[in-house]
Number of protein chains: 2
Amino acid sequence: MPELNGEEQQKTRWLDQLKAHGYRMTRPRQAVVEAILGDPTHWRPEQVFERARRTYPNLGLVTVYRTLELLQKLGLIRRVHMERGCRSYTLASQEHSHQLICRDCGRVEEFSECDLLETVERLAKRTGYSIEAHWLELLGRCPACLVAG
Amino acid sequence: MPELNGEEQQKTRWLDQLKAHGYRMTRPRQAVVEAILGDPTHWRPEQVFERARRTYPNLGLVTVYRTLELLQKLGLIRRVHMERGCRSYTLASQEHSHQLICRDCGRVEEFSECDLLETVERLAKRTGYSIEAHWLELLGRCPACLVAG
DNA sequence: ACTCTTACTGATAAATATTTTCAATAAAGG
DNA sequence: CCTTTATTGAAAATATTTATCAGTAAGAGT
């Protein structure tokens, strides 16, 4: 079962990340991590809460908010802006990557290429702005949902 | 005063748009339109509410929500996702344009160029997704704020 | 193992933000 | 001036997020 193994490994890596940054490795945090690792879609705090509670019923919603924010600060997950609310998160394996999101099932593909350099330079020149960051999201349908009609 | 004139003209155009799409041209809607036209930044419903009330004190907050949504549907304004909340709107003079936003003062420059075609095609091929839309936002500092330090 | 420090937690409350409901109102066409 | 009906504002209901705080439990030191 290479899948499961990979997930276990990833979990260990994440929790090590926490420790490496001086954070404690607590049961609640583990529960949250377990709830989201391996999920290829994006999730709102409330959903994560519900799922993580199955592992650790004593979990509080506030902790979910705090943990998600923490994981985001560590670059392990990333916020995704959706029509309905912009506090959805998704896994982020690499720094500086973007998301391609399926509108039907919510599945997210991560990618890092984006040819914006030229545009950015031209715009900076034209407007006089200093452009410090960009935020890109692609929306569409994943293969599975395309087949499903 | 070409500025003011332009704004008046634009207001008329907007209200005509409403009528053209079968919507009524009401006092509350006029107040909302007046509150946002000519503002080069982005605004949250609450802010629009506050400002529009100066013109039309009887205005209700709900109407602001509804009107902003309506104007967005007509393509006259566009949502902008910010760290703090994603229900900010900004003027959108053209279809299919993007925003360059100043992090300090909130000023927004609209632009339509973006060289994503190649990236999008490559990604579509690689992932099997059908990519239907993209969502791009640039963040930086406007000339004025750069000078101000 | 045991102790100590203090980061972390959950419950509660509070603050925000958004949507729904509904009777009253006022556009706009006739 | 009527009539129709989209639109409105108030209030209530939901939903979402943040702040507070006393109790708890990681994890370092022993």
Audit row: A:R29, A:L70, side-chain contact (heavy atoms from CB on, under 4.5 Å) steps and yes/no: CA-CA 10 Å; A:R29 278 174 185 166; A:L70 178 57; 3.7 Å; yes
Heavy-atom check, side chain of A:R122 versus side chain of A:T119, under 4.5 Å: yes
Residues, nucleotides or ligands: over 12 heavy atoms within 6.0 Å of A:H21 NE2: yes
Close side-chain approach of B:S112 and B:H96, heavy atoms under 4.5 Å: no
A:Y65 OH to C:dA17 C1', straight-line distance once rounded to whole Å: 11 Å
A:E34 side-chain N/O to A:T55 backbone N/O, donor-acceptor pair under 3.5 Å: no
B:W135 and A:W135 aromatic ring geometry - parallel, tilted or perpendicular at 30°/60° bounds: perpendicular
Spacing between A:Q30 atom CD and D:dA26 atom C1', to the nearest angstrom: 12 Å
Contact nearer the 5' end of DNA chain C, comparing A:V62 with A:G22: A:G22
Toward the 5' end of DNA chain C, by each residue's nearest nucleotide, B:K19 or B:P45: B:P45
C:dT9 phosphate, OP1 or OP2, under 4.0 Å from A:T26 side-chain N/O: yes
Short side-chain N/O contact to D:dA25 OP1/OP2 from A:R27, under 4.0 Å: no
Separation of atom CG in A:L18 from atom P in C:dT9, rounded to whole Å: 10 Å
Touch class at under 4.0 angstrom, heavy-atom based, for B:R66 against every strand present: base
Rounded interatomic separation in angstrom, taking CD from A:E69 and C1' from C:dC8: 14 Å
Sugar-phosphate only, base, or nothing, as touched by A:Y56 at under 4.0 Å among non-hydrogen atoms: sugar-phosphate
DNA chain C contacts among residues 74-92 of chain A, heavy-atom distance under 4.0 Å: none
Sugar-phosphate only, base, or nothing, as touched by A:R29 at under 4.0 Å among non-hydrogen atoms: sugar-phosphate
Within one Ile-Leu-Val-Met-Phe-Trp-Tyr cluster: B:L136 and A:L138, side-chain cutoff 4.5 Å: yes
Base C:dA28 to side chain B:R24, donor-acceptor N/O within 3.5 Å cut-off: no
